[in-house]
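Down below is the structure, laid out as structure tokens.
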Protein chains: 2
Amino acid sequence: MYGSIVPPSASARTDTRLSSLPDAASPVLCAPLRREELRDLVRTQRALVRARGQAVVREGDRADRFFVLNSGAVALQRSLPDGRRQVLDFLWRGDVIGVGDGERFGYDALTLADTALCTVSRPDLERLTEDYPELATRLARIGSERLTHAFDRMTLLGRLSAEEKLASFLLELSERQGRCSGRSNPVWVPMSATDIADYLGLRVETVSRRTSAFQKKGLIRRVESHRIALLDPAALREVAEGGEGDED
Amino acid sequence: MYGSIVPPSASARTDTRLSSLPDAASPVLCAPLRREELRDLVRTQRALVRARGQAVVREGDRADRFFVLNSGAVALQRSLPDGRRQVLDFLWRGDVIGVGDGERFGYDALTLADTALCTVSRPDLERLTEDYPELATRLARIGSERLTHAFDRMTLLGRLSAEEKLASFLLELSERQGRCSGRSNPVWVPMSATDIADYLGLRVETVSRRTSAFQKKGLIRRVESHRIALLDPAALREVAEGGEGDED
DNA sequence: CGGCGGATTGAGCCAAATCAAGACTGGTGG
DNA sequence: CCACCAGTCTTGATTTGGCTCAATCCGCCG
């Protein structure tokens, strides 16, 4: 969107050595796994790093592995034969690829920035859930949250205006980054305007125009490369909920 | 849409006596449960019937029960404060409400026609999954299918034209009814045009216009009350996939 | 410094929304 | 049995939000 892709604070350290994982509390702050579970995981997991724009999984791949994001960002997406694209979700540190999926992945997963993840085979995870029943519960919760989020997204895509969509998107980014990394206000926006458009069911130009309009109204401010400050989250919330949009 | 709501073949027989359930193969043809599982279920399940337009669950209700549809049809939906509505899914005989949900339901479930369902409490179902581990697998599969379907729907809502949406909808109805009741061609359309519009992210008038256009092109024909014959499913498929739409 | 890909901005257009009548349907009561 | 009523569907006229097309502009990188 504006500037080069630089992770918010984690710097370029990719942090892929698995041995460092269980001790480091931070990289898995909102991951679904706990220390003792991770300790067992380490035996079977593999770490991997993907540069920006690489595929982690492809639609149709056998879903025989799970992935947990340590850093970076990933987009889940579907592509139509004629090139149209729908971004299904953006994934952040601690998010998981493969939970709640069936036999095969139903989407491509592409990195939006340099990304470090670790991966566990499905049989290994199944074995783990037997040793740690609470883990199964946690995974089920993740699945249900994904579904609830999918319902949110359908409502957004089907019924919100461009302005409402963009406001919702910014607030979602903020909320989600607050949960995962603690810093929710100058929001990290690693994805391109095209990615955002494909997430919201809009075109790039519309995203650009609405972003400019928000900035002109003083609701947001572009602070640096790929970062946006929410100057008036309350007003943004108002816009997102369908408030007239004429009160400035 | 046109005419009164009459279930496709099942007539008005509501079939709610639970004692009849385990023996009758037909009402649960595509249900996730098997005979022996159902036999145990019968001890704890309750049957209920809802007239057209009734709520089965409300958004925010504690998700402490599961529901299985025996007959009829249900819409899952979200409502925005200003009255806008998004239909998340239509449910048919054999479909389940509550699988993959978290602590609380994230949607209203309303009947589109007179509907018979049975319900099991969550603890009872959990007990059952211990006795029949395969049932847990089946429920997981249902959950993953719901998620995949949610991804389909996002793509439809975000990226398809009105014409493509409607064609996809008709084919989905046909496919789903084929799986559940065996009869896939004259499709049963129990929901109102408004419901369809809210499912596809369109307005009623647009649904009506596009339906008329399909009929004029000879792709479909309204055969009777709430039933539509797909005269040329291949052409409909072509339209749904983004075929130009000018070949008639 | 110059070129390239993505972002922005402008002008005009078009698909779907909106507004506004009617027509049909099913249900009700006389 | 029919007339009427309410709700839904259909069709037409018009508006409009977001798309398309087309220049730039800007930041990044070689």
Side-chain angles (χ1 to χ4, degrees), chain A residues 1-6 51-53 82-85 112-113 156-167 169 189-216 220 222-228 239 242 244-246, chain B residues 1-6 12 51-53 82-86 112-114 156-167 189-216 220 222-228 239 242 244-246:
Chain A
M1 210 163 183
Y2 3 107
S4 64
I5 300 267
V6 182
R52 180 186 180 199
D82 61 0
R84 280 177 289 181
R85 191 173 78 121
L112 299 167
L156 176 144
L157 289 167
R159 285 298 176 224
L160 298 199
S161 69
E163 186 177 44
E164 292 165 343
K165 285 175 175 179
L166 189 63
F169 169 69
V189 189
M191 66 288 284
S192 70
T194 304
D195 293 328
I196 298 172
D198 286 339
Y199 183 63
L200 300 177
L202 300 170
R203 316 253 77 195
V204 198
E205 297 93 328
T206 303
V207 169
S208 180
R209 274 186 247 277
R210 294 290 160 180
T211 306
S212 301
F214 281 167
Q215 179 148 8
K216 205 165 295 171
I220 63 173
R222 295 154 182 169
V223 287
E224 42 170 297
S225 283
H226 286 272
R227 285 166 85 61
I228 293 179
V239 171
E244 304 313 302
D246 290 327
Chain B
M1 213 164 179
Y2 1 106
S4 64
I5 300 266
V6 182
R52 181 187 179 196
D82 62 1
R84 281 177 290 180
R85 191 173 77 121
Q86 178 65 46
L112 299 168
D114 296 345
L156 175 143
L157 289 167
R159 284 300 176 222
L160 299 198
S161 69
E163 186 178 43
E164 292 165 342
K165 286 175 175 179
L166 190 63
V189 189
M191 66 288 283
S192 71
T194 304
D195 293 328
I196 297 172
D198 286 341
Y199 183 64
L200 299 177
L202 300 171
R203 316 252 75 196
V204 198
E205 297 92 327
T206 303
V207 169
S208 179
R209 275 187 246 277
R210 292 290 158 182
T211 307
S212 299
F214 280 168
Q215 180 150 8
K216 206 165 294 171
I220 62 173
R222 295 155 180 166
V223 289
E224 42 170 296
S225 283
H226 286 273
R227 286 167 85 60
I228 293 178
V239 172
E244 303 313 302
D246 290 326

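Numbered from 1 within each chain, the chains take letters A, B, ... in sequence-line order.
- With B:Asp114 contributing its side chain and B:Arg52 its backbone, the two residues share a donor-acceptor pair below 3.5 Å.
- Considering only side-chain N and O atoms, B:Arg222 lies nowhere under 4.0 angstrom from the phosphate OP1 or OP2 of D:dC9.
- Listed candidates were D:dG18, C:dA16, D:dT10. Nearest to the side chain of B:Ser212 is D:dT10.
- Projected onto DNA chain D by closest heavy-atom contact, B:Val204 and A:Thr206 fall at different nucleotides, the more 5' of which corresponds to B:Val204.
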Give me, pair by pair, the N or O atoms of the protein and of nucleotides 21-24 of chain D that are less than 3.5 Å apart, along with how far apart they are.
unit_1, atom_1, unit_2, atom_2, d
D:dC21, N4, A:Glu205, OE2, 3.2

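- Of all nucleotides listed (C:dT8, D:dC19, D:dC9), D:dC9 comes nearest to the side chain of B:Ala193.
- For B:Asp198 (side chain) and B:Asp195 (main-chain N/O), no donor-acceptor pair under 3.5 Å exists by modelled atom type.
- Closest contact between the side chain of B:Ser208 and the listed nucleotides D:dT10, C:dA7, C:dT9 involves D:dT10.
- When the nucleotides D:dG18, C:dA17, D:dT20 are ranked by their closest atom to the side chain of A:Arg203, D:dT20 comes out on top.
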Secondary-structure notation, DNA chain C, from Watson-Crick and G-U pairs under 3.5 angstrom (| other strand): ||||||||||||||||||||||||||||||
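- Between the CG atom of B:Leu160 and the C1' atom of D:dC19 there is a distance of 16 Å, given to the nearest Å.
- Formation of a donor-acceptor pair under 3.5 Å by the A:Arg84 side chain with backbone atoms of B:Arg159 is found in this model.
- Checking the phosphate oxygens (OP1, OP2) of D:dC9, no side-chain nitrogen or oxygen of B:Thr211 falls inside 4.0 Å.
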